[in-house]
Amino acid sequence: MEKKMTSAKLSDRKGALDLASWMFNVVTSVGIILVNKALMAKYGFSFATTLTGLHFATTTLLTVILRRLGYIQASHLPISDLLKFVLFANFSIVGMNVSLMWNSVGFYQIAKLSMIPVSCFLEVVLDKVRYSRDTKLSIILVLLGVAVCTVTDVSVNAKGFIAALVAVWSTALQQYYVHYLQRNYSLGSFNLLGHTAPAQAASLLLVGPFLDCWLTGKRVYAYDYTLTSVSFIILSCTIAVGTNLSQFICIGRFTAVSFQVLGHMKTILVLILGFIFFGKEGLNSQVILGMLIAVAGMMWYGNASAKPGGKERRSHSTPSNKSQRHVGSTESTELLDDKV
């Protein structure tokens, strides 16, 4: 009887922590999307890659301060794994920004939706995960709902297709790798950020100004900085620390596929808040229907994947010193959507 009560308490505690982690991610992600939209649309700061580099620089500063204060313990991450992670993450950032520029909005949204099947494929092949029929059907329902309310015009060209392909696979690999590194090296969220953020900040701040100049035709150094625009940049960087940390926490707890599925709730919230703050243009019965379908699919997924056999990893041997899963995913990088 006592064991059952202890088990129930642990289950309740895990559920509360899962909910808090997810709400932390939703609040910070939606907040940074709205701030970045205002920064770009109202103040003309269209340097997405450079801004992402500033986000990581701010995150690096915080991790350094916390390490000095003793809140982050020393940890080890092999340089080869760090370089692979940074490669996947930076290709995700660049690929998303280029895909947004070269593709129609409709095809861009389809590319985003394809990240879930790709993430499922990676988990099935690399982690030997098996999904139940209900879990698969719920994922399809989520994809259908988001497609209904976000996909409009669809046109494809060769270079846009290649950019989308790079963006989708690099993003899926980056998110899978967050979970893999936390599990294999017993790294907490801040520990992993402490390893990855400095490398990403340095590389993006080096390449970002040139890439943004190529994408927009404008130079970040020639931007007319004002007190208001700088304040928005600082606010964006501050929120990004929470977004980075919460993504690492969520992928560490839920895996990349669950993070992608539940992540579309942020897409729905952004649409709703966009209608509230930026006008109701585009709000119609099709969008509302799509939102309802997507939310129903997310609820179904949560229920189906939580059942025994809904989503399980087939047993396979792993080194004993690396098998511990540490509760603990990178910054979204698409500044005009659910990536920052």
Side-chain angles (χ1 to χ4, degrees), residues 18 21-26 28-30 33 85 88-89 91-93 95-96 99 108-127 129-132 134-151 164-183 243-244 246-271 290-291 293-306 310-311 313 328-334 337-340:
D18 286 347
S21 301
W22 182 244
M23 290 306 299
F24 182 30
N25 180 256
V26 169
T28 55
S29 297
V30 173
I33 291 165
F85 178 87
F88 294 148
F91 266 102
S92 170
I93 294 166
M96 281 296 178
S99 177
Y108 175 77
Q109 291 291 348
I110 289 175
K112 277 184 57 190
L113 293 175
S114 68
M115 288 180 195
I116 292 181
V118 171
S119 294
C120 289
F121 173 79
L122 291 175
E123 287 193 356
V124 168
V125 172
L126 300 178
D127 281 348
V129 170
R130 182 169 51 196
Y131 298 91
S132 69
D134 280 359
T135 303
K136 293 174 185 175
L137 290 175
S138 66
I139 291 173
I140 293 173
L141 190 63
V142 172
L143 295 176
L144 175 64
V146 176
V148 168
C149 65
T150 61
V151 176
L165 193 66
V166 170
V168 168
W169 276 94
S170 58
T171 301
L173 282 166
Q174 178 259 328
Q175 293 186 352
Y176 171 82
Y177 225 56
V178 168
H179 186 74
Y180 169 84
L181 293 177
Q182 289 190 32
R183 185 180 70 235
T243 309
N244 286 334
S246 65
Q247 188 183 349
F248 275 49
I249 292 172
C250 286
I251 292 183
R253 297 186 75 88
F254 305 129
T255 77
V257 171
S258 295
F259 181 75
Q260 282 283 350
V261 172
L262 296 174
H264 284 299
M265 177 61 75
K266 292 180 288 187
T267 303
I268 304 301
L269 287 174
V270 168
L271 285 172
M291 290 179 180
I293 293 173
V295 171
M298 291 170 202
M299 294 173 66
W300 187 11
Y301 174 83
N303 181 261
S305 61
K311 179 181 178 181
R313 179 179 292 132
S329 138
T330 136
E331 161 181 47
S332 298
T333 55
E334 171 199 333
D337 213 317
D338 62 342
K339 295 193 149 209
V340 289

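Computed from heavy atoms alone, side chains included, the values below leave out hydrogens, waters and symmetry copies.
Between Trp169 and Met115 the shortest side-chain heavy-atom distance does not fall below 4.5 Å. Side-chain contact between Phe85 and Val178: present, with at least one pair of heavy atoms (C-beta onward) separated by less than 4.5 Å. Considering only heavy atoms from C-beta on, Asp127 stays 4.5 Å or farther from Tyr180 through its side chain.
In this model, a donor atom of one side chain and an acceptor atom of the other lie less than 3.5 Å apart for Thr171 and Ser92. Side-chain contact annotation: Tyr301 with Ser258, donor-acceptor N/O pair under 3.5 Å present. In this model, no donor atom of one side chain and acceptor atom of the other lie less than 3.5 Å apart for Thr135 and Ser138.
Rounding to the nearest 0.5 Å places CD of Gln260 at 12.0 Å from SG of Cys250. Atom CG of Leu122 sits about 12.5 Å away from atom NE2 of His179, to the nearest 0.5 Å. Once rounded to the nearest 0.5 Å, the distance linking CG of Leu137 with CG of Leu144 reads 12.0 Å. Taking CD1 of Ile139 as the reference point, atom CG of Leu113 lies at 12.5 Å (rounded to 0.5 Å).
Partners of Phe88 under the ring pair (Phe, Tyr, Trp, His ring centres under 6.0 Å) rule, at least two apart in sequence or in another chain, are Tyr177. Residues meeting the side-chain contact (heavy atoms from CB on, under 4.5 Å) test with Val26, sequence neighbours left out: Trp22, Val30, Lys266, Leu269.
Within a 6.0 Å sphere centred on CZ of Phe24, other residues, nucleotides and ligands contribute more than 12 heavy atoms.
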Evaluation steps, side chain to side chain contact (heavy atoms under 4.5 Å, CB included), between Val124 and Tyr131: CA-CA 9 Å; Val124 168; Tyr131 298 91; 3.8 Å; yes
Check the pair Tyr176 / Ile251 against side chain to side chain contact (heavy atoms under 4.5 Å, CB included), numbers first and verdict last. CA-CA 8 Å; Tyr176 171 82; Ile251 292 183; over 6 Å; no
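Residue Gly95 comes nearest to Ala167 through the heavy atom pair C-CB, 3.5 Å, listed as atom of the first residue, atom of the second, then distance. In terms of heavy atoms, Ser21 sits closest to Ile249 at OG-CG2, 3.4 Å. The minimum heavy-atom distance between Ile116 and Leu143, with the atom names listed, is CD1-CD2, 3.7 Å. The heavy-atom pair separating Val118 from Ala172 by the smallest distance is CG1-CB, 3.5 Å. Residue Pro117 comes nearest to Ser114 through the heavy atom pair CD-O, 3.1 Å, listed as atom of the first residue, atom of the second, then distance. Between Cys120 and Val257 the shortest heavy-atom distance is N-CG2, 3.5 Å.
Remark: side-chain polar atoms of Ser29 are paired, donor with acceptor, to backbone N or O of Asn25 under 3.5 angstrom.
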